[in-house]
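Notes to accompany the following structure.
Order of the sequence lines sets the chain letters (A, B, ...), proteins ahead of strands, with each chain counted from 1.
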Amino acid sequence: MPMLATLTSRRVFDDRWVFERKLDGVRVLAAFDPDAGVRLTSRTGRALNGTYPEVVAALEQQSGLEFTVDGEVVALEHGRTSFELLQQRLGLSDPVAALATGVAVTYYLFDLLSLDGRDTTGLPLRDRKALLREAIDFHGPLRYTAHRNRGGQELLEEACGKGWEGLIAKRADSRYAHGRSTDWLKLKCSSGQEFVVGGFTEPAGSRAGFGALLVGHYQDGRLRYAGKVGTGYDGRTLTELRARLDALRQDDSPFADRIQERQARWVRPELVAQVGFSEWTRAGRLRHPRFLGLRDDKDPSRVVREEPVPGGTP
DNA sequence: TTCCGACAGTGGGGTCGCAAT
DNA sequence: ATTGCGACCCCACTATCGGAA
């Protein structure tokens with residue numbers, strides 16, 4: 001289990017923290033043993049050698065010393081990490097099929113867990129990074145993850161302006177801990193806008209009120225579907241909003257797009273919700289959507305897709 | 001007493017693989 | 001051939017509970 005960062009809204013840091021680019025890919029631990037060779041594993045412990053054969057090959061060409069490293073496998077597109085592009089390789093376990101996708105991957109290394117048979121997880125982060133930089137010959141798909149020693153609000157704004165996903169702040173003197181830790185903090189760039197509520201889904205299990213809102217925006221006079229928003233509500237909001245939705249029920253979908261959703265309930269498109277999300281997908285859906293509140297001050301017919309400033313806001 | 005961390009439970013987009021239709 | 005579903009990846013968020021502060 002790798003060390004995991006905790007999401008935070010904190011933006012003020014002193015010089016005991018270092019900052020790395022937040023990479024939008026998949027977490028991969030890599031172990032090399034002169035006898036057993038390279039072993040790539042996912043966050044949940046699954047074997048990934050067949051998925052990223054070029055990474056295995058590059059790690060096999062190292063000095064011959066035992067090592068365990070931690071990093072993120074990403075697919076780069078115009079200098080930005082693209083999770084959607086990487087997804088074409090995620091489920092593949094056959095190395096031939098993986099390479100045949102044509103999706104090139106890069107393995108950004110940012111930590112060292114062992115070297116030459118010695119456990120390095122008890123060393124401070126700066127020391128581990130220094131050892132990592134010397135131990136690995138960074139070539140081909142292998143890259144060292146740069147970090148900066150100062151940061152906070154300004155650095156995050158800079159990162160978001162470049163279209164990055166955000167930053168990871170790490171305690172410079174912390175040791176490597178397996179699992180979730182507050183010594184590593186996730187600072188995300190995010191965006192949000194208003195959407196028209198055109199329907200909802202029924203709740204499941206112990207859920208009250210409804211499952212998710214079906215939301216959209218207008219384009220050329222038609223209501224285009226943008227996806228479901230199923231989190232961000234407290235119990236009271238779920239029940240109160242359900243009552244308002246029931247009062248707006250209608251038989252037909254208000255959306256211009258066909259929606260693959262059995263059991264969808266439709267409403268007159270009169271409610272406007274503020275929704276936070278990380279980005280638009282290629283299919284025009286919201287990634288990582290969450291409900292932020294209703295906007296009673298907004299005319300639903302004026303809700304359109306906003307093409308925001310590059311990178312959004314921190 | 002209050003706060004924090006960990007966990008369970010609900011919800012999202014997207015892809016692959018396989019079974020059912 | 002198409003559809004549905006679960007398993008993985010990436011996640012956000014709320015509610016709850018027990019222990020730390």
Side-chain angles (χ1 to χ4, degrees), chain A residues 1-10 22-29 40-48 50-52 72-75 81-94 97-98 100-101 103 105 165-166 168 177-192 195 197 199-216 225-242 257-264 273-293:
Chain A
M1 174 72 130
M3 185 162 175
L4 302 173
T6 304
L7 182 63
T8 185
S9 56
R10 175 175 167 175
K22 183 181 188 310
L23 299 157
D24 194 13
V26 291
R27 191 68 174 275
V28 173
L29 286 174
L40 302 183
T41 51
S42 77
R43 207 163 82 171
T44 53
R46 280 172 23 109
L48 294 176
T51 311
Y52 309 111
E72 186 97 355
V73 167
V74 303
T81 56
S82 169
F83 187 76
E84 278 199 277
L85 189 58
L86 183 65
Q87 272 183 308
Q88 295 170 32
R89 283 186 67 162
L90 281 189
L92 305 176
S93 54
D94 172 32
T101 61
V103 177
V105 299
E165 204 197 359
I168 303 290
H178 296 277
R180 195 73 58 185
S181 169
T182 52
D183 286 333
W184 287 11
L185 295 175
K186 194 180 346 180
L187 285 57
K188 295 197 72 171
C189 307
S190 67
S191 54
F195 288 94
V197 179
F200 62 94
T201 60
E202 292 291 341
S206 60
R207 177 84 159 204
F210 61 92
L213 296 181
L214 309 175
V215 303
Y225 181 60
K228 295 187 279 187
V229 183
T231 193
Y233 319 95
D234 59 22
R236 188 177 154 196
T237 304
L238 284 168
T239 50
E240 289 181 358
L241 197 45
R242 174 61 194 251
D257 306 276
R258 179 168 169 262
I259 296 172
Q260 290 277 20
E261 189 70 41
R262 310 178 313 136
Q263 297 291 315
Q274 182 74 26
V275 176
F277 57 98
S278 56
E279 63 183 353
W280 290 92
T281 71
R282 273 183 307 175
R285 305 292 175 84
L286 305 177
R287 186 166 176 227
H288 307 149
R290 63 272 186 191
F291 179 79
L292 300 177

Taking the side chain of [X] as its heavy atoms from C-beta onward, which of [options] lies nearest to it?
X      : options                : result
A:R290 : C:dA12, C:dC9, C:dA15  : C:dA12
A:Q87  : C:dA12, B:dT15, C:dC10 : B:dT15
A:H288 : B:dG11, C:dC11, B:dG14 : C:dC11
A:R207 : B:dG11, B:dG12, B:dG13 : B:dG11
A:R285 : C:dC11, B:dG13, B:dG11 : B:dG13

Name all residues meeting the ring pair (Phe, Tyr, Trp, His ring centres under 6.0 Å) criterion together with A:Y52; count only those two or more places apart in sequence or in a different chain, and write none if there are none. none

Establish, with yes or no, whether the OP1 or OP2 oxygen of [N] is under 4.0 angstrom from a side-chain nitrogen or oxygen of [X].
X      : N      : result
A:K228 : B:dT10 : no
A:R43  : C:dC11 : yes
A:R46  : C:dC9  : yes
A:T6   : B:dG5  : no
A:S42  : C:dC9  : yes
A:R287 : B:dG13 : no
A:R27  : C:dC11 : no
A:K188 : C:dA12 : yes
A:S206 : B:dT10 : yes

Measure [atom1]/[X] against [atom2]/[N] and give the value in whole Å, please.
X      : N      : atom1 : atom2 : value
A:E261 : C:dC5  : CD    : C1'   : 14 Å
A:L292 : C:dC13 : CG    : P     : 7 Å
A:D24  : B:dG14 : CG    : C1'   : 12 Å
A:W280 : B:dG14 : CH2   : C1'   : 16 Å

Using a 4.0 Å heavy-atom cut-off across all strands, classify [X] as base, sugar-phosphate, or nothing.
X      : answer
A:Y233 : sugar-phosphate
A:L86  : nothing
A:G25  : sugar-phosphate
A:G235 : sugar-phosphate

Derivation and outcome, salt bridge (Lys or Arg N to Asp or Glu O under 4.0 Å), residues A:E84 and A:R287: CA-CA 11 Å; A:E84 278 199 277; A:R287 186 166 176 227; over 6 Å; no

Applying side-chain contact (heavy atoms from CB on, under 4.5 Å) to A:W280 and A:L286, what does each step give before you reach the verdict? CA-CA 5 Å; A:W280 290 92; A:L286 305 177; 3.8 Å; yes

Show your working on side-chain contact (heavy atoms from CB on, under 4.5 Å) between A:R89 and A:V73 and close with a plain yes or no. CA-CA 11 Å; A:R89 283 186 67 162; A:V73 167; over 6 Å; no

Is the shortest side-chain heavy-atom distance between A:L213 and A:F195 below 4.5 Å? no

Tell me which of A:L90 and A:G232 sits closer to the 5' end of DNA chain C, going by the nucleotide each one is nearest to. A:L90

Map A:Q260 and A:L23 onto DNA chain C by nearest heavy atom, then report which one ends up closer to the 5' terminus. A:Q260

Is there a Watson-Crick or G-U wobble partner for B:dC7 with both distances under 3.5 Å, and if so, which one is it? none

Test of understanding: with salt bridge (Lys or Arg N to Asp or Glu O under 4.0 Å), list the residues that count as partners of A:D257, not counting sequence neighbours. A:R224

